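See structure below.
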Amino acid sequence: MVELRLYLAQRISAVIMAPLVLVHLGVMIYAIQGGVSADEILARTRGSLLWGGFYGLFVIAAAVHAAIGLRNILSEWLHLRGLLLSGLCWLIGFALLAAGLRAVAAVVGGS
Amino acid sequence: MQVSDHIQVKVWRGDASGGSFAEFEVPQQPAQTVLDVVTWIQRHADSSLSYRFACRVGMCGSCAMMVNGIPRWTCRTHVNKVLQDNHLTIEPLRNLPVIKDLACDMSEFFDKWKRAEGQFSGTQTRAQAVAAISPGEPARRAANAAIECINCAICYAACDVVNWNPDYLGPAALNRAWSLQNDSRDRRHGERLQAVSADGGCLSCHSQQGCASYCPNELNPTASIAGLKKMAAGAFMKKKYRDRHG
Amino acid sequence: MDYQVVKTDVLILGSGGAGLFAALHAKQANPDLKVSIAIKGLLGKCGCTRMVQGGYNVALSPGDSIERHFMDTIVGGKWLPDQEMAMRLCRTAVTRVQELENELGCFFDRNDDGSLHHKAFAGQTFDRTVHKGDLTGIEIISRLMEQVRALPVDLMEEHRALALIPSRDGTALAGVLLVDMRSGEFRLVQARAVLLATGGGPTMYRYHTPSGDKSMDGLAMALRLGLGLRDMEMVQFHPTGLLAGTDTRMTGTVLEEGLRGAGGYLLDGAGERFMLNYDPDGERATRDIVSRAIYAEMRAGRTTPNGGVYIAMGHLGSAEVERRFPGMVKRCADCGFDLAGGQVEVVPTAHYLMGGVVVKPDTRSDLPGLFVAGEDAGGAHGANRLGGNGVANSTVFGGIAGEEMADYVAQQTNWADVDQEVADAAIDECMAPLRRPKSDINAIRDRLLDVMWNGVGVLRDAQSITSAQTELAALGAELLESGIGDDNRVFALGWHDWLNLRSLIEVSEVIAAAALSRENSRGAHYREDFPEVGSLEESYFTIARRARDEVEVEHAPVDFSIVKPGESLIEND
Amino acid sequence: MKAHRRQPLYLAFLLHRLSGLGLALFLPLHFYVLGRALAGEAAFDAALSWTEGPLVKFAEFGLVFLLAVHFFGGLRLLALENLPWSNRQKTFAALAVAVSFFVACGFLLRAV
Ligand SMILES: Cc1cc2nc3c(=O)[nH]c(=O)nc-3n(C[C@H](O)[C@H](O)[C@H](O)COP(=O)(O)OP(=O)(O)OC[C@H]3O[C@@H](n4cnc5c(N)ncnc54)[C@H](O)[C@@H]3O)c2cc1C
Ligand code: HEM
Ligand code: SF4
Ligand code: F3S
Ligand code: FES
């Protein structure tokens with residue numbers, strides 16, 4: 001049953017990310033013209049609840065998704081099993097979540 | 001179109017403890033399958049070579065081997081189709097333990113078939129008439145599309161997930177389970193769905209599709225497994241919903 | 001020689017329709033029985049049940065009847081079938097097909113309204129053959145295999161039966177000597193009941209259809225025990241086996257009957273049609289007539305490069321042929337032949353052995369403890385087997401054997417004592433070739449195939465049979481002098497080749513003797529020196545035995561217990 | 001590469017896995033750069049300006065390519081698993097790669 005939950009979590013997070021990735025790619029292509037600068041990015045994001053929600057959701061979904069994805073790779077390619085595998089998977093997930101949320105906080109919040 | 005009158009054949013010799021290749025020169029014939037090549041070697045060059053076959057017409061699935069790295073039914077693979085620069089390399093089927101030379105132990109393949117609840121359980125008995133089921137019913141069509149499996153384990157050898165995850169049931173067993181899930185006469189759909197949704201079941205498949213590419217009967221285990229995944233996910237969501245809303 | 005001794009209640013030899021049904025039914029009759037299955041190959045993956053293409057005869061179609069099926073079987077068998085067996089076959093086929101569908105999960109082709117589809121099969125007065133496309137055998141054996149694998153049975157895969165071992169007092173069967181082919185170890189299985197279901201298989205002919213694992217071991221073992229074999233002259237030939245040269249295993253495999261039915265032509269080496277010279281029905285004539293016609297053309301030298309004739313389908317339009325016979329077209333294409341558009345060389349090919357061990361309709365043999373079912377058992381088909389009655393026979397009588405064995409075991413209080421001397425002698429004989437220097441086993445096989453094909457084949461006469469007998473005796477003697485040159489028994493195919501040949505030669509001698517003794521022509525047996533059918537009222541069947549080193553053949557009258565020649569069970573017939 | 005793997009749909013699987021792996025490895029870096037914003041705009045700019053070099057540009061193209069490949073490959077898999085079966089899997093896989101290449105090139109062109 002572990003696998004079923006993981007499978008669903010990964011597919012659901014993928015579905016959540018799908019539109020987010022599209023928007024993100026679009027914005028990047030638009031924004032990147034003439035180089036990226038902090039001003040530009042921060043002007044757009046700072047204080048915006050919308051962007052905060054957007055990137056927050058993105059980060060959560062990506063953390064779940066990537067952690068499960070890496071779990072599969074670790075198990076299949078490095079033959080990790082059992083506690084080590086789940087432990088590592090949780091660790092990766094939380095690390096990504098923490099780093100991601102911190103980054104979101106940085107670009108949305110702050111001065 | 002005789003290219004040369006002999007072909008160069010490398011055959012894996014050995015057993016569970018290891019082995020190596022032996023080389024043979026085999027006279028080429030206009031009508032010659034890979035199984036004929038192996039047979040020639042066993043009859044004329046090295047009578048101690050071990051291999052397995054039975055029906056010789058693609059019905060029993062006993063003769064599968066790796067031919068130039070690809071799993072194939074050797075009794076129905078013409079040499080011309082696979083010859084590369086006049087060379088053939090023949091090895092035992094991948095992903096199964098070798099018994100000797102080209103014969104491997106298929107027990108785990110069939111154990112997994114059983115683990116996937118790959119057998120029918122009906123509600124009717126022999127005293128009753130055969131169920132009236134139209135061949136056009138969608139479920140029957142799905143069951144039928146997956147039915148003509150000869151348990152040759154070619155798909156099992158083609159799948160890397162089988163290689164990476166010893167628990168994985170593999171394409172053939174799952175394909176059979178899918179066929180049964182679509183059989184309206186079967187009464188163990190629930191138990192079977194549990195069995196194939198458990199760890200090592202259909203959700204371990206990464207859609208590599210080697211199974212479907214190499215299945216000699218042109219079956220499509222990938223499609224069957226996708227069907228099971230959807231069934232498994234659907235059943236899980238439904239149960240969650242029911243648990244929450246009574 | 002050391003060997004392991006194990007005990008079981010029921011030991012089944014072979015995993016075709018007969019063996020697997022026996023296992024299922026024995027377990028159903030008594031789940032506590034220890035049931036063991038020893039198989040020369042892998043469970044359900046060897047033998048001919050898997051190779052059934054046409055289908056399964058059963059009187060389930062509205063308007064059909066068990067009596068009609070029975071009459072077709074008797075008439076098709078030229079009044080030689082054991083009538084009680086034939087009746088049991090036709091009657092039980094009905095429940096067996098329902099069991100296959102309802103309990104095992106087979107799914108046979110349906111009509112649009114959901115009812116079973118029955119197709120026409122040669123020699124029958126009603127469309128009664130149920131089928132799964134043209135791969136019926138795969139469906140039946142796969143479903144059976146799944147059920148048996150799910151049961152707690154003791155599987156001995158790649159265990160070859162070498163000898164039936166009687167009890168010390170010789171009054172019953174005590175067990176079976178086996179060799180684990182993977183390790184080469186001998187194993188003696190003591191059993192309270194044994195089923196012989198090794199599926200006959202006339203593979204001693206140059207061209208033959210059965211699977212490569214079948215080599216008449218069962219009948220050879222029964223012979224060595226002194227049991228009688230009936231109808232052994234009755235070897236059925238399929239008219240169109242693929243002919244692709246002697247060096248390929250494709251040669252001999254069946255090209256479906258439907259090709260002729262659909263309007264395919266048979267052409268001689270010069271490309272001329274010839275069937276109309278033999279029969280007004282031309283290519284659509286029955287199996288035996290077409291086989292004899294092709295054989296006659298071959299003997300007259302009007303042959304193709306490989307020595308057969310052509311089957312040509314192209315005039316029907318290659319797209320049409322591809323649509324109607326996709327399996328056959330693909331199989332030919334895989335092997336490099338264009339069936340749809342071109343010409344493919346064919347030859348008659350030995351297909352089925354009607355003969356077998358003399359048994360009662362409940363599968364008991366003359367030796368207590370030994371049961372026989374499927375192609376190993378004689379009697380149900382007489383002189384000719386209807387297409388579709390083969391798999392019916394193995395599944396019907398296999399199931400009956402399972403029940404009977406459970407019953408028999410319940411009455412046995414203990415295991416019979418094994419006759420150690422017989423077992424030791426059997427091991428010794430099997431080991432002998434391992435100790436001798438290497439000889440040319442292939443040459444012996446090649447000669448055997450030709451001797452039987454030429455001497456005791458589609459057409460035979462006293463002279464061809466006696467000269468075959470002389471050669472068989474010589475071959476037998478030569479085999480007993482020959483060796484493998486390697487005493488390693490681990491998965492040793494060379495050794496098994498030798499063992500196969502031993503069985504084949506022994507049974508070939510019986511086929512020849514029976515063929516010589518029947519001085520008329522019936523069904524599959526055609527004597528050019530005695531082309532007449534003979535009196536139907538005085539029909540007899542042959543029983544051959546081995547007594548010392550001679551084969552003795554006696555004639556026994558057919559018991560017309562249900563219907564006499566000239567009568568019918570069907571009104572207005 | 002082993003012969004049985006030389007098959008378009010296996011390659012599609014591999015591409016999906018490697019792109020996923022690449023993305024997962026890149027993600028911490030990406031978060032790090034953004035996280036620098038906490039330390040003030042100057043540091044953020046410094047971190048970003050690092051991305052101006054041609055090598056990094058190219059790497060970025062690679063990254064977008066990875067994301068695009070993984071994204072379209074992911075859509076392909078979601079469709080395979082959840083929509084009625086289609087026998088055109090090879091076409092879809094090829095399409096997914098082609099579209100992602102297109103998108104990534106668009107990105108690259110805009111960037112220079
Ligand atoms: C190509 C082909 C097509 C056919 N088509 C039809 C058809 O359409 N309809 C029809 O009714 N019939 C058909 N038949 C006939 C039918 O297949 C057989 O009559 C029937 O299946 C025999 O079943 P069985 O169980 O007796 O033997 P099999 O199924 O042949 O099984 C014999 C078993 O015994 C094993 N065995 C052999 N020797 C030993 C040994 N020494 N020790 C242990 N095990 C041993 C074998 O490995 C095998 O498992 C066809 C036959 C062939 C060859
Ligand atoms: C930041 C973004 C993403 C990262 C870091 C990421 C990472 C990963 C990783 C590491 C895997 C495991 C690969 C494998 O098991 O072979 C994976 C699998 C997968 N990804 Fe992503 N991914 C991301 C975005 C997406 C998006 C946007 C989608 C959907 C459109 C998606 C769909 C999938 C799917 C369906 C799988 C499962 C493949 C399988 O198990 O066969 N991913 N991802
Ligand atoms: S699905 Fe195809 S490849 Fe796999 S075991 Fe069945 S027939 Fe063989
Ligand atoms: S090859 Fe293996 S990964 Fe899935 S699609 Fe087939 S089972
Ligand atoms: S020998 Fe039976 S499938 Fe090849």
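Proteins come first, then strands; the chains are lettered A, B, ... in the order of their sequence lines, and each starts at number 1. Fair warning: this is a prediction, and the values are worked out from it, not measured in the lab.
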* More than 12 heavy atoms of other residues, nucleotides or ligands under 6.0 Å from CH2 of A:Trp77: is that the case? -> yes

* Can you tell me if CZ on B:Phe21 sees more than 12 non-hydrogen neighbours from other groups inside 6.0 Å? ->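 Result for CZ/B:Phe21: enclosed.
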
* Asked: Where the side chain of B:Asp199 meets the backbone of A:Glu3, is there a donor-acceptor pair that is under 3.5 Å apart?
  -> yes

* Asked: So what's closer than 4.5 Å to chain B heavy atoms on A:Leu4: side chain, backbone, both or neither?
  -> both

* Asked: By a 4.5 Å heavy-atom criterion (distance strictly below it), what part of A:Ile12 contacts chain B: side chain, backbone, both, or neither?
  ->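 The side chain, not the backbone.
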
* Asked: When rounded to the nearest 0.5 angstrom, what distance separates CZ in A:Arg11 from NZ in B:Lys229?
  ->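 Between A:Arg11 CZ and B:Lys229 NZ, I get 6.0 Å after rounding to 0.5 Å.
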
* Pick whichever of B:Gly200, B:Ser197, B:Gly201, B:Cys202 has the most heavy-atom pairs under 4.5 Å with chain A. => B:Gly200

* Show your reasoning for whether side chain to side chain contact (heavy atoms under 4.5 Å, CB included) applies to B:Asn165 and A:Arg81. => CA-CA 10 Å; B:Asn165 177 1; A:Arg81 292 271 141 35; 4.0 Å; yes

